[in-house]
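One structure is given here, and the rest of the page talks about it.
Counting convention: from 1, in listed order, for ligands and their atoms alike.
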Amino acid sequence: MKKIILLGYMGCGKSTIANRLSKITEIPFVDLDKSIEEKTNLTINEIFEQQGEIYFRKLEREVLIDLINASGDMIIGLGGGTPCYANNHELLKGENIVSIYLKATVDTLFERLVSNKSKRPLIANKTDDEMKEFIAKHLFDRSFYYNQAQYKLAIDGKSKDETTQDILDILA
Ligand SMILES: Nc1ncnc2c1ncn2[C@@H]1O[C@H](COP(=O)(O)OP(=O)(O)O)[C@@H](O)[C@H]1O
Ligand SMILES: O=C(O)C1=C[C@@H](OP(=O)(O)O)[C@@H](O)[C@H](O)C1
Ligand SMILES: [Mg+2]
């Protein structure tokens with residue numbers, strides 16, 4: 001029951017790459033945010049708006065634990081904040097877990113997020129300038145947790161196919 005876990009900042013490609021990886025390996029993919037949405041019947045935006053971030057972080061940990069303990073192999077795409085709260089990073093050090101940090105620079109993340117922020121409540125209402133500064137500070141704060149991953153993969157300038165292949169090489 002191997003769990004392949006992708007982590008990293010919003011926009012680094014966890015959901016996109018995990019999905020591709022799943023198609024190639026035929027290992028089922030579960031996106032943590034999607035599981036939370038299904039469990040609550042609310043979107044991530046609605047959870048943040050109606051219940052607040054602390055409630056979201058509680059749910060996020062519960063669902064993460066359920067997925068890690070589920071039977072069978074699985075590729076799990078975390079949310080950007082998942083390893084950074086409630087000691088969740090310790091859960092990623094389990095025996096049957098391969099954790100991979102998709103590491104990107106602020107410029108790459110900004111480029112991807114600038115046109116893709118509406119479903120991400122932490123940045124949805126920021127101007128472009130505010131967002132760049134926010135990403136820089138936030139990424140710095142979170143890097144401690146991201147860097148505890150078993151593997152760190154630099155993804156700047158890589159296509160989706162290249163990043164997917166790099167992960168297949170790690171898993172080989
Ligand atoms: N080379 C690339 N690798 C991964 N995603 C890319 C790449 N180029 C553009 N993108 C886009 O960046 C966005 C990444 O978003 P997503 O997969 O939701 O990231 P995350 O789940 O880490 O927040 C997607 O819209 C994806 O199509
Ligand atoms: O970085 C974060 O704290 C968050 C990242 C999001 O996931 P993605 O990284 O898939 O966008 C989602 O879990 C929520 O909006 C909070
Ligand atoms: Mg995602």
Side-chain angles (χ1 to χ4, degrees), residues 4-24 29-40 42-65 67 74-89 91-92 99-126 131-132 134-147 149 151-168 170:
I4 298 158
I5 298 190
L6 303 190
L7 59 129
Y9 200 77
M10 290 181 275
C12 70
K14 301 177 292 294
S15 303
T16 306
I17 301 295
N19 197 23
R20 284 175 168 240
L21 207 57
S22 168
K23 288 194 173 125
I24 295 170
F29 160 48
V30 180
D31 193 75
L32 185 60
D33 282 331
K34 239 191 200 162
S35 295
I36 295 170
E37 292 182 332
E38 282 164 11
K39 183 173 172 158
T40 56
L42 295 169
T43 64
I44 300 296
N45 273 337
E46 286 168 342
I47 300 171
F48 270 71
E49 271 168 32
Q50 296 173 20
Q51 316 277 354
E53 182 173 353
I54 293 173
Y55 179 78
F56 171 79
R57 297 300 171 195
K58 252 181 88 181
L59 273 176
E60 183 178 46
R61 180 174 170 84
E62 279 169 24
V63 176
L64 174 64
I65 290 172
L67 292 179
M74 200 183 280
I75 298 168
I76 306 172
L78 299 186
T82 315
C84 315
Y85 292 88
N87 274 330
N88 289 341
H89 66 289
L91 297 173
L92 306 183
S99 58
I100 304 172
Y101 169 27
L102 303 185
K103 188 171 181 200
T105 57
V106 175
D107 286 346
T108 298
L109 297 168
F110 176 76
E111 257 172 53
R112 294 204 194 150
L113 290 171
V114 75
S115 55
N116 245 313
K117 58 182 183 181
S118 65
K119 290 184 181 160
R120 295 180 165 95
L122 295 177
I123 53 170
N125 297 319
K126 297 201 186 302
M131 203 166 90
K132 195 145 199 184
F134 178 82
I135 295 170
K137 284 188 183 154
H138 208 203
L139 180 63
F140 180 81
D141 289 342
R142 288 180 164 187
S143 292
F144 168 79
Y145 298 99
Y146 295 153
N147 277 312
Y151 297 97
K152 290 129 207 151
L153 181 61
I155 55 124
D156 297 290
K158 289 181 186 165
S159 67
K160 296 173 189 176
D161 282 346
E162 283 170 325
T163 301
T164 308
Q165 186 55 51
D166 283 350
I167 296 177
L168 290 170
I170 287 172

Students should be able to answer this: which protein heavy-atom is nearest to [atom], and at what distance?
{"atom": "atom 14 (C) of ligand 1", "answer": "G11 O, 3.7 Å"}
{"atom": "atom 5 (C) of ligand 2", "answer": "G80 N, 3.3 Å"}
{"atom": "atom 19 (O) of ligand 1", "answer": "G13 N, 3.2 Å"}
{"atom": "atom 11 (C) of ligand 1", "answer": "R112 CD, 4.0 Å"}

Which of the listed options, [options], holds the heavy atom that is closest to [atom]?
{"atom": "atom 24 (C) of ligand 1", "options": "D31, L113, D161, T16", "answer": "T16"}
{"atom": "atom 3 (O) of ligand 2", "options": "K14, R57, M10, E53", "answer": "R57"}
{"atom": "atom 21 (O) of ligand 1", "options": "A18, G157, G79, S15", "answer": "S15"}
{"atom": "atom 6 (C) of ligand 1", "options": "M10, E162, K160, K158", "answer": "K160"}

Any donor-acceptor N or O pair under 3.5 Å, side chains T82, N88: no

Structural part of [X] in contact with ligand 2, heavy atom criterion under 4.0 angstrom:
{"X": "R142", "answer": "side chain"}
{"X": "D31", "answer": "neither"}
{"X": "K34", "answer": "neither"}

Just to check, does N116 reach to within less than 4.0 Å of ligand 1 when the distance is taken from its heavy atoms? yes

For ligand 2, which atoms, with element, lie under 4.0 Å from some heavy atom of D33? 6 (C), 7 (O), 8 (P), 10 (O), 12 (C), 13 (O)

Heavy-atom contacts with R120 under 4.0 Å: which atoms of ligand 1 show up? List them by number with element. 15 (O), 16 (P), 18 (O), 19 (O), 20 (P), 23 (O)

With heavy atoms and a 4.0 Å threshold, my read on which part of C12 contacts ligand 1 is both

SB check E60 R57 (cutoff 4.0 Å): yes

N, O or S atom of T16 closer to the Mg ion (ligand 3) than 2.8 Å: no

